[in-house]
**Student:** 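This is the structure I have questions about; it appears just below.
Letters A, B, ... mirror the listed sequences (proteins, then strands); counts begin at 1.
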Amino acid sequence: MDDQTRMMTGLTGLGGLAQGDVGDPDSVRKQQSLGQPQQDIGDILQQIMAITDESLDEAQARKHALNCHRMKPALFNVLCEIKEKTVLSIRGVQEEDPPDPQIMRLDNMLLAEGVSGPEKGGGSAAAAAAAAAAGGSPTDSSIEHSDYRAKLAQIRQIYHSELEKYEQACSEFTNHVMNLLREQSRTRPISPKEIERMVAIIHRKFSSIQMQLKQSTCEAVMILRSRFLDARRKRRNFNKQATEVLNEYFYSHLSNPYPSEEAKEELAKKCGITVSQVSNWFGNKRIRYKKNIGKFQEEANLYAVKTAVDAANVSAQASQANSPATPNSGGYPAPCYTPDGRL
DNA sequence: ATCAATGATTGGCG
DNA sequence: CGCCAATCATTGAT
């Protein structure tokens, strides 16, 4: 076996690895002329490439031998450097993503809702006390508030326990991977930077999971808010006197039941409700009256009589109490008054 | 449990 | 923006 064939077998053993450098016939020739250390490297590389063809025991033994080789640290350093260059050039682009605006928004909202951040009020008792203290009306709103707060506290608790779980899992997993990589760094070239990058990747993955948690927490809070803020869910019927005032106005202006802004304010004040509630009431009343005039006939007569009586009382003494005729005409279909209450 | 009454909301229109 | 019409969600009576 002359030098030429030895060189060829050496080359085929190296396969596609590092063509540019090791595969260069010149450098091989140089190595051979330089003597023992370079020859060692050639042998080692050959052994490495052959390792997969051997039995497990053999491979294990060879691995051990390689591990103990005096050139191993230097070789690994070089390999690490090469890896660093190639890997960095490939994926160095997507490093350091800026703080996601989406997650910032979620964070801000959770903070604003008091889900994340410092607990304000300790236990549920404190929350209830705070609710009681906050409410202007003693029973009505504070009960709903405490209910709301209880639900919010529930969400908050779930959020925190989940968050803790995620964080724990993340650090556990990170530790595991780091240990694994450190372990492996004895048998394959792994640079500290690589470990760092891996950790960063893991953290990114976990933070995306965290974002999902935050997202769903935000949704839960929104739903809770809408449930409690939606006035339909805490509707109270107006008191008798209020509906009386409203009905009086409605039936005495049946021809044009559209109170002006000032009239609405007046009614609102009289009834102890808001102007928009007055508007709602008239909107509902108009449409419902129109839809089924018959059903409201009785009511119409009642209030017609009532207003007539009032009018009579006002213009009382001196004059005569005259006809209780309904004061309507035009626009709306006039419900004609009949003594027995029928159309 | 069921259902009409009722206050509030929503979407469309002018 | 105010109104109408349809609809929702709760109340209160049965």
**Student:** Which part of the nucleic acid, if any, lies within contact of A:Lys295, taking any heavy atom under 4.0 Å across all strands shown: a base, the sugar-phosphate backbone alone, or nothing?
**Tutor:**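 Touches sugar-phosphate only.
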**Student:** Distance-only, no hydrogens or angles: does the A:Ser207 side chain make a donor-acceptor pair with backbone N or O of A:Gln210 under 3.5 Å?
**Tutor:** no
**Student:** For a ring pair (Phe, Tyr, Trp, His ring centres under 6.0 Å) with A:Phe282, tell me which candidate from A:Tyr251, A:Tyr249, A:Tyr289, A:Tyr258 qualifies.
**Tutor:**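 Answer to the ring pair (Phe, Tyr, Trp, His ring centres under 6.0 Å) test with A:Phe282 among A:Tyr251, A:Tyr249, A:Tyr289, A:Tyr258: A:Tyr249.
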**Student:** Tell me, which of residues 261-282 of chain A have any heavy atom that sits under 4.0 Å from an atom in DNA chain B?
**Tutor:**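 DNA chain B contact set from residues 261-282 of chain A: A:Gln277, A:Asn280, A:Trp281.
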**Student:** Apply side chain to side chain contact (heavy atoms under 4.5 Å, CB included) to residues A:Cys271 and A:Gln241 and explain how you reach the verdict.
**Tutor:** CA-CA 7 Å; A:Cys271 300; A:Gln241 185 237 325; 6.0 Å; no
**Student:** Can you measure from OG (A:Ser116) to CE (A:Met109) and round to the nearest 0.5 angstrom?
**Tutor:** 10.5 Å
**Student:** Any sub-3.5 Å donor-acceptor pair from A:Gln277's side-chain atoms to A:Thr274's backbone N or O?
**Tutor:** yes
**Student:** Which nucleotide in the set C:dA9, C:dC4, C:dG12 lies at the smallest distance from any side-chain heavy atom of A:Tyr258?
**Tutor:** C:dC4
**Student:** Nearest to the A:Lys291 side chain among C:dA6, C:dC3, C:dT11, which nucleotide is it?
**Tutor:**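 Of the candidates, C:dA6 comes closest.
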**Student:** Expressed as a whole number of angstroms, how long is the span from A:Asn237:CG to C:dT11:P?
**Tutor:** 9 Å
**Student:** Using a 4.0 Å cut-off to any heavy atom of chain A, which nucleotides of DNA chain B are the first and last in contact, reading 5' to 3'?
**Tutor:**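 On DNA chain B, the outermost contacted nucleotides are B:dA5 to B:dT9.
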**Student:** How many angstroms lie between atom CD of A:Gln157 and atom CG of A:Leu152, to the nearest 0.5 angstrom?
**Tutor:**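 Reported to 0.5 Å precision, the distance equals 12.0 Å.
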**Student:** Round to a whole Å and report the spacing from CZ of A:Arg286 to P of C:dG2.
**Tutor:** 12 Å
**Student:** Counting only side-chain N and O atoms of A:Tyr289, is one of them less than 4.0 Å from OP1 or OP2 of C:dA5?
**Tutor:** no
**Student:** Report the distance from atom CG of A:Asn284 to atom P of C:dC3, rounded to the nearest whole Å.
**Tutor:** 13 Å
**Student:** To the nearest 0.5 Å, how far apart are CZ in A:Phe206 and CD in A:Glu167?
**Tutor:** 11.0 Å
**Student:** If you find the nucleotide of DNA chain C closest to A:Arg288 and the one closest to A:Pro259, which residue's nucleotide is nearer the 5' end?
**Tutor:** A:Pro259
**Student:** Please determine if A:Arg197 and A:Glu194 form a salt bridge, counting it only when a charged side-chain N lies under 4.0 Å from a carboxylate O.
**Tutor:**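 Judged by the 4.0 Å cut-off on N to carboxylate O distance, A:Arg197 and A:Glu194 do not form a salt bridge.
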**Student:** For the pair A:Thr174 (side chain) and A:Val199 (backbone), establish whether a donor and an acceptor sit closer than 3.5 Å, ignoring hydrogens and angles.
**Tutor:**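 No; judged by distance alone, with no hydrogens or angles, the pair does not exist.
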**Student:** Less than 4.0 angstrom between a side-chain N/O of A:Arg236 and OP1 or OP2 of C:dT11, yes or no?
**Tutor:**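 Indeed, a polar side-chain atom of A:Arg236 lies that close.
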